[in-house]
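Have a look at the structure below before the remarks.
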Amino acid sequence: MANQTSQIKNQISKIYFRTFGCKANQYDTELLRARLQSSGGLPVNEPAEADLCVVNSCSVTAMADKECRQFVRHLLRKNKKARIVVTGCYASHAAQELQRLSSRVEVYSNNEKDKLPACVGFEIKPDVFGLTRFSTRARAFVKIQDGCQAPCRYCIIPKVRRTFWNKPVEHACQEIESLVKEGHGEIVLTGIRLGLYQGTSLSGRGQVNLTGLLRKIIELPGHFRVRLSSLEITEVSARLVELMAASDKICRHLHIPLQSADDTVLQEMGRWYSFSDYAKKICLVQEKL
């Protein structure tokens, strides 16, 4: 088995990456890039140059699915020899649709994404748990949470990212320190349900929620600021808002989705709050920030 893995690895050196979708997906791609590069892979900018093309797909809309299919067809035409690997949310719920495009298309679900490097023949170093550099951007994304089990009737995400995962507190802090040392002046915390973060300390001293993690992050050395990606309104606590107001290191910015201002529509959509609940919390945010 080891010899077979070594042979596959030797055949794959140049890797092309393409990401569709959210910040969490963009982070996943960067981590895949770092893990494969640490074992000898060489990222390339043009698919025609690659031995392996990795597509990290989105499936938040039917249009997102269509764009992924179109791009995979483009890769098949552009590069007649490369392995085409598709992972992500579309790959998780419609693997057969992708496989029908060509026998060259290999599909790995979100649950298989962590094992993907080994599946394509790379031996991964165990210490690559996070990023030290986020591509060439000044702003770096750090995924600290994954998984959603919300009852929303219109959304496919709870079906394709159902398993909850939280980055250990020490790993999150170490990753952010490394990124700051490499010159990233802004760190964006992201997740599928970021506000549900419950990170376990490696020392076994219990769990830390998002506000608790932020308290630890702002104590880290270096000149940087931290930004939060999308949060549900019910996950914006008074303590979180107060911490944001008190710290210059936390961007005073919140992205809080609202699907409708009509309570009947919200109920039919499977949302778990009323418009009045939303409005009251926004007033709190405006008052404190």
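- Under the 30°/60° scheme for interplanar angles, the aromatic rings of His184 and Phe134 are found to stand perpendicular.
- Under the side chain to side chain contact (heavy atoms under 4.5 Å, CB included) criterion, Leu289 pairs with Val241, Met244, Ala245, Arg252, Leu254, Val285, not counting sequence neighbours.
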> Lys115 and Tyr108: side-chain contact (heavy atoms from CB on, under 4.5 Å), yes or no, with the steps?
Replying inline: CA-CA 9 Å; Lys115 299 176 182 178; Tyr108 296 90; over 6 Å; no
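- In this structure, Lys249 contributes its side chain and Val226 its backbone to no donor-acceptor pair below 3.5 Å.
- Hydrophobic cluster of Leu196: the remaining members, joined at side-chain heavy-atom separations below 4.5 Å, are Phe164, listed by chain and number.
- Residues Ser59 and Asp65 bring a donor and an acceptor atom of their side chains to less than 3.5 Å of each other.
- Hydrophobic clustering, with ILVMFWY side chains joined whenever heavy atoms are under 4.5 angstrom apart, keeps Val44 apart from Phe17.
- A distance-only check finds no donor-acceptor pair linking the side chain of Arg35 to the backbone of Leu116 [under 3.5 Å].
- Side-chain atoms of Glu112 come within 3.5 Å of backbone atoms of Ser109 as a donor-acceptor pair (strictly under, hydrogens ignored).
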>> I'd like to know whether Leu231 forms a side-chain contact (heavy atoms from CB on, under 4.5 Å) with Leu240, so could you lay out the CA-CA distance, the side-chain angles of the two residues, the decisive distance to 0.1 Å, and finally the verdict.
In response: CA-CA 11 Å; Leu231 291 170; Leu240 174 62; 3.9 Å; yes
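- In this structure, Thr87 contributes its side chain and Lys113 its backbone to no donor-acceptor pair below 3.5 Å.
- Note on Ile250 and Val236: same hydrophobic cluster, where clusters join Ile, Leu, Val, Met, Phe, Trp and Tyr whose side-chain heavy atoms are under 4.5 Å apart, directly or indirectly.
- Of the possible donor and acceptor atoms, none in the side chain of Tyr273 sits under 3.5 Å from a partner among the backbone N and O of Leu266.
- Between the side chains of Asp263 and Ser274, no donor N or O sits under 3.5 Å from an acceptor N or O.
- If you chain together hydrophobic residues whose side chains sit under 4.5 Å apart, Ile192 and Tyr197 never meet in one group.
- In this structure, Arg18 satisfies the cation-pi test against Phe20, with its NZ or CZ atom closer than 6.0 Å to the six-membered ring centre and inside 45 degrees of the ring normal.
- The aromatic rings of Phe275 and Tyr278 lie parallel to each other, their planes meeting at an angle below 30°, with 60° marking the opposite boundary.
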